[in-house]
There are 2 protein chains.
Amino acid sequence: MQISSRFTIALHILTCIDTFKDDYKITSDFLAESVNVNPVVIRRLLQQLKAAGLVNVKRGSGGAEIARPLEEITMLDVYRAVDSVDGEGLFHFHENPNPNCPVGRNIHNVLDGRLNKIQDAMEEEMKKTTIADIVKDTQKCISKQ
Amino acid sequence: MQISSRFTIALHILTCIDTFKDDYKITSDFLAESVNVNPVVIRRLLQQLKAAGLVNVKRGSGGAEIARPLEEITMLDVYRAVDSVDGEGLFHFHENPNPNCPVGRNIHNVLDGRLNKIQDAMEEEMKKTTIADIVKDTQKCISKQ
DNA sequence: TTTGTTGTAACTTTATTTGTTACAACGATA
DNA sequence: TATCGTTGTAACAAATAAAGTTACAACAAA
């Protein structure tokens, strides 16, 4: 099972917003064209990013901007904003192991700590990259072309 | 999005097989009762574990056993056996970013390395635990009860 | 008041997981 | 060889979630 494309799309969106902020009004249509998805998908994502305090979106006149310094937005912030399974972790534990089985009634306890560590490892690595890094790399790529 | 319960169920299964190997014939029905799912779900998982060389399953007479020393089976082996999206990584990249957009045509390159690192971090942590560790912890829990 | 945009509902499509029934293929044993 | 319990697998249903689409009220600015 894969982590949904909302995550990469959100990173793409944020990169676009910053990259084109001086030259274009950043509307959902504009972003939808770069990402190549329906504008409503973008608007839904922008709402999630807004709820997380990562962007501001202007109603009426239109336009999105990033709400925090790029160096302060990590991949983890974005992941949590758009791909969180509220309250649940990365792993989906089978619901009802048999409490009458010695393994069934203990497996949750035994695995939980280790599953959390795995998720932590993933999240720690996500923290290492900020949107600033991604924008910088993108600009390097662009200027080579 | 979450990693499917196949992963935790597979770990549960392997723990059961070892824990009860001397006292019961380990059939799909037996395992299904401990996990509390349909036996066919178990049989499908056993097939995936078998394809990965982690278990042997006896046709006809019935019964499953673990095919390798427990210390040599890591959580990562199990994850790869049952939850691999063949060829694809952990992250689902949106398919068709616009090649006419400077960001769209570079975002894949920019993100790929970082996404791989995140997946690597997760997998490295998975490697740290073997089925032997899980069985040992489970036995500790059981003996306390 | 017009225009372009956002926010959101409603519905469809697609994909995936999980559950379930059914049964042929198989191996051991009586 | 006939029986029995089991596996392997097909086929389909149900549940869940993601992603696409249409439509339109709410809004802000010109």
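The chains referred to below are lettered A, B, ... by the order of the sequence lines, with proteins before strands, and numbering in each begins at 1. Values below: all heavy atoms of this structure, side chains included; hydrogens, waters and symmetry mates excluded.
- Between A:Gln48 atom CD and C:dT6 atom P the separation is 17 Å, expressed in whole Å.
- Sorted by residue number, the members of residues 10-34 of chain B with any non-hydrogen atom under 4.0 Å from DNA chain D read B:Lys25, B:Thr27, B:Ser28.
- If you check every strand for non-hydrogen atoms under 4.0 Å, B:Gly62 touches sugar and phosphate atoms only.
- Of all the heavy atoms in B:Val110 and A:Cys141, the pair that sits closest is CG2-SG, 4.0 Å.
- In DNA chain C, the stems built from three or more successive Watson-Crick or G-U pairs (distances below 3.5 Å) are C:1-30 with D:1-30.
- Atoms CD (B:Glu65) and P (D:dT7) sit 13 Å apart, rounded to a whole Å.
- The aromatic rings of B:Phe91 and A:Phe7 are tilted relative to each other, their planes meeting at an angle between 30° and 60°.
- What you find for A:Lys128 and A:Asp133 is that their closest heavy atoms are O-OD2, 3.8 Å.
- If you measure from atom CD of B:Glu95 to atom C1' of C:dT14, you get 12 Å, rounded to the nearest angstrom.
- Using a 4.0 Å cut-off on heavy atoms, none of the residues of residues 102-111 of chain A approach DNA chain C.
- Between B:Leu54 and B:Ala81, the shortest heavy-atom distance links the atoms CD1-CB, 4.2 Å.
- For the pair B:Lys117 and A:Thr129, the minimum side-chain heavy-atom distance is 4.5 Å or more.
- Of all heavy-atom pairs spanning B:Ser5 and A:Phe93, the tightest one is CB-C, 4.4 Å.
- A:His94 and B:Thr8 are linked by a side-chain donor-acceptor pair at a separation below 3.5 angstrom, with hydrogens and angles left out of the test.
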Which pairs would a plain distance check flag for residues 21-29 of chain A, meaning a side-chain donor or acceptor within less than 3.5 Å of a matching protein atom at least two apart in sequence or in another chain?
residue	atom	partner	partner atom	Å
A:Lys21	NZ	A:Asp18	O	3.4
A:Lys21	NZ	A:Asp18	OD1	3.2
A:Lys25	NZ	A:Ser61	O	2.7
A:Thr27	OG1	A:Asp29	N	3.4
A:Thr27	OG1	A:Phe30	N	3.0
A:Ser28	OG	A:Arg43	NH1	3.1

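- At least one side-chain nitrogen or oxygen of A:Gln47 sits closer than 4.0 Å to the OP1 or OP2 atom of C:dT8.
- Using modelled atom types and a 3.5 Å distance limit, the side chains of A:Thr138 and B:Asn106 yield no donor-acceptor pair.
- Here the C1' atom of nucleotide C:dT8 and the CD1 atom of A:Ile42 are 16 Å apart, to the nearest Å.
- Annotation: side chain of B:Val35 is not in contact with side chain of A:Ile107 (no heavy-atom distance under 4.5 Å).
- Across A:Gly53 and A:Arg68, no two heavy atoms sit closer than the pair O-CG, 3.7 Å.
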Going 5' to 3' through nucleotides 18-24 of chain D, assign each nucleotide B (protein heavy atom under 4.0 Å from a base atom), S (under 4.0 Å only from sugar-phosphate atoms) or - (no protein heavy atom that close). SSBBBB-
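- The side-chain heavy atoms of B:Val37 and B:Leu31, taken from C-beta on, include no pair separated by under 4.5 Å.
- In this structure, the side chains of B:Arg6 and B:Gln48 come closer than 4.5 Å at one or more pairs of heavy atoms.
- Whole-Å rounding puts the A:His94 NE2 to C:dT18 P distance at 11 Å.
- You'll find the side chain of A:Leu70 stays beyond 4.5 Å of the side chain of A:Leu14, heavy atoms only.
- The nearest whole Å value for the distance from the CG atom in A:Asn56 to the C1' atom in C:dT5 is 16 Å.
- Atom CD1 of A:Ile3 and atom P of D:dA17 are 16 Å apart (whole Å).
- Listed pair A:Lys58 / D:dA29 fails the phosphate criterion, with no side-chain N or O lying under 4.0 Å from OP1 or OP2.
- The number of heavy-atom neighbours closer than 6.0 Å to CD of B:Glu123, taken from other residues, nucleotides and ligands shown, is above 12.
- At a cut-off of 3.5 angstrom, the base of D:dA28 holds no donor-acceptor pair with the side chain of A:Arg59.
- Remark: nothing in residues 74-82 of chain B comes within less than 4.0 Å of DNA chain C through any heavy atom.
- Considering all non-hydrogen atoms of both residues, A:Asp77 and A:Glu72 come closest at OD2-O, 3.5 Å.
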